[in-house]
Amino acid sequence: TILDRSATTYTRVWCSYEIFVSLSRSNEEDHAYLYDVYTAADDNTAVGLTDGCAAEDVDDDGDPDLLTKFDRERHFPLDR
């Protein structure tokens, strides 16, 4: 999901329903479905919360680097 600055998506019931159906079906069909949310930060850069690690959150050995993930996600605006 890509959110506008006022997170309008979550005020529309059909958008929330589509997210619910997508996540519910992924469990029924044994498909790994990851749900990520991105928006624009105050400086107009993209910032997101990811389900699991993003490619940039993996170290040179291919292992998840949770400190990198935390640093990336801490800029997500939760006050909207």
Applying side-chain contact (heavy atoms from CB on, under 4.5 Å), can you list everything that pairs with Asp61, at least two apart in sequence or on another chain?
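For Asp61 the side-chain contact (heavy atoms from CB on, under 4.5 Å) partners, ignoring immediate neighbours, are Asp59, Asp63.
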Quick one: side-chain hydrogen bond (donor to acceptor under 3.5 Å, both in side chains) partners of [X], sequence neighbours excluded?
X	result
Ser16	none
Tyr35	Thr1, Tyr10
Asp36	none

Which Ile, Leu, Val, Met, Phe, Trp or Tyr residues join Val13 in one cluster when any pair of side-chain heavy atoms under 4.5 Å counts as a link?
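Hydrophobic cluster check, Val13: joined to Trp14.
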Can you find a heavy atom in the side chain of Pro77 that is under 4.5 Å from one in the side chain of Asp42?
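With C-beta onward as the side chain, the pair stays apart.
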Could I get the full list of salt bridge (charged side-chain N to carboxylate O under 4.0 Å, His left out) partners for Asp71, not counting sequence neighbours?
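Asp71 satisfies salt bridge (charged side-chain N to carboxylate O under 4.0 Å, His left out) with Arg74 once adjacent residues are dropped.
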Identify all side-chain donor-acceptor contacts of residues 45-57 below 3.5 Å with residues at least two apart in sequence or on another chain.
unit_1 : atom_1 : unit_2 : atom_2 : d
Thr45  : OG1    : Asp43  : OD1    : 2.7
Thr50  : OG1    : Gly52  : O      : 2.8
Thr50  : OG1    : Lys69  : NZ     : 3.1
Thr50  : OG1    : Arg72  : NH2    : 3.0
Thr50  : OG1    : Glu73  : OE2    : 3.3
Asp57  : OD1    : Arg72  : NE     : 3.1
Asp57  : OD2    : Ala54  : N      : 2.9
Asp57  : OD2    : Arg72  : NE     : 3.4
Asp57  : OD2    : Arg72  : NH2    : 2.6

